[in-house]
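Convention: sequence-line order gives letters A, B, ...; per-chain numbering from 1. What you see is a predicted model; the values in this text were computed from it and never measured.
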There are 2 protein chains.
Amino acid sequence: MYEGVVQDLIDELGRLPNIGPKSAQRIAFHLLQADPVDVKRLAETLLKVKETVRFCEVCGNVAAAERCRICLDPRRDASVLCVVEESKDVVAIEKTREFRGRYHVLGGALSPIEGIGPDELRVRELMARLADGVVTELILATDPNMEGEATASFLARMVKPLTADGSLRVTRLASGLPVGGDLEYADEVTLGRAFAGRRKIDG
Amino acid sequence: MYEGVVQDLIDELGRLPNIGPKSAQRIAFHLLQADPVDVKRLAETLLKVKETVRFCEVCGNVAAAERCRICLDPRRDASVLCVVEESKDVVAIEKTREFRGRYHVLGGALSPIEGIGPDELRVRELMARLADGVVTELILATDPNMEGEATASFLARMVKPLTADGSLRVTRLASGLPVGGDLEYADEVTLGRAFAGRRKIDG
């Protein structure tokens, strides 16, 4: 319906995640009317990202070199390893400033429906990193949803032999009520988890 | 938080319409993991659009040359002119196959809040097109929302002198119930308009 190249752009944008046909059209027309300098900068950033960004050969996080900044940082505690699904989870955890260990980015979660099994994730690389016994705590920080829980359970089983002699502790992030939330609005699963995980406080 | 160029990409994507920070992040990571060929094609399409697409000098629609395909088509009825806000409205109307006249794309609607007055729209160009008296019907097909209605009212006042001798008829698209919709779900304004615009049927 549109002049060829405009339709091409709408099609290309429509392939991006969470962008439907209407959004693709809106973005395309926005770009048509935008300053050419801005569009050029976007195009160049896209190319530059693919040229310069790679994934850390140790943890799988995004990196500007062979290893990411966290793996290169000698102040990070190599004995605590936090397993996450995606690089964006690393950013979320870093923002809390609660964690000074290292990461392992799986590249997703197990999902039989989408055909994602252990071989599609960086599971073999995780087992290799645990082999030398430096890591003493493995934090399974996959998402608190079905796929994330399944992935955590799977990994817990995989590393079980390493925990037998007490040299490795496996933990999972706490589930419970979100801070700042209203108890009455919590879904029942979350509220149930919050009860199950209740802790003694000293009054 | 991210390696520089990844953050640059998130920032660039976040400037697009209807893309919030979370979506920008999701798209950026999608692109990081995508086939470089696909990302290159997207970048090249962006550049090509800005290089090749312009706006028709007659009607303001997107065009691959000085004039758009519709203005160049001699079979289109030059006596009926349909005023729309955006090029995407042209596409929507073309899909109906109900209209064989020509278009005038305003480039938006009047919006005092966003600082869009008549000078920001192609109003002067519209008046110039009406000057030679070829157009006998002007269809005001701006959006049926507050800005679109205000724009239609404004244009109707502007062209009023041309309608005095009966040489120009000004019309507005019908408002009413959407076809295929449920009456009970229609909002009261739409239902009110549907009543006001009711037509006699021959049984």
Hey, which of A:E51, A:R15, A:E44, A:R41 has the most heavy atom pairs under 4.5 Å with chain B?
-> A:R41
Would you please say whether a donor-acceptor pair under 3.5 Å links the side chains of B:R172 and B:T142?
-> yes
Residue pair B:Q7 / B:D11, side-chain donor-acceptor N/O under 3.5 Å | yes
So what's closer than 4.5 Å to chain B heavy atoms on A:D38: side chain, backbone, both or neither?
-> backbone
Atom group of A:E86 that falls short of 4.5 Å from chain B, counting heavy atoms | side chain
For atom CE of B:M146, decide whether the heavy atoms of other residues, nucleotides or ligands shown that lie under 6.0 angstrom number more than 12.
-> no
Residue A:R54 versus chain B: region with a heavy atom under 4.5 Å = neither
Picking from B:K40, B:K48, B:R26, which has the most non-hydrogen pairs under 4.5 angstrom with chain A?
-> B:R26
Considering only heavy atoms, which portion of B:D8 lies under 4.5 Å from any heavy atom of chain A: side chain, backbone, both, or neither?
-> both
B:V83, B:V80, B:L81, B:I93 screened by side chain to side chain contact (heavy atoms under 4.5 Å, CB included) with B:I139, the one that passes = B:V80
Please determine, by modelled atom types, if A:E85 and A:T151 share a side-chain donor-acceptor pair under 3.5 angstrom.
-> no
If you count heavy-atom pairs under 4.5 Å between each of A:N61, A:L13, A:L32 and chain B, which one has the most?
-> A:L32
May I ask you to decide whether B:R124 forms a salt bridge with B:D119, counting only side-chain N to carboxylate O separations under 4.0 Å?
-> yes
Select, from B:G107, B:A34, B:S23, the one with the greatest count of heavy-atom pairs under 4.5 Å involving chain A.
-> B:A34
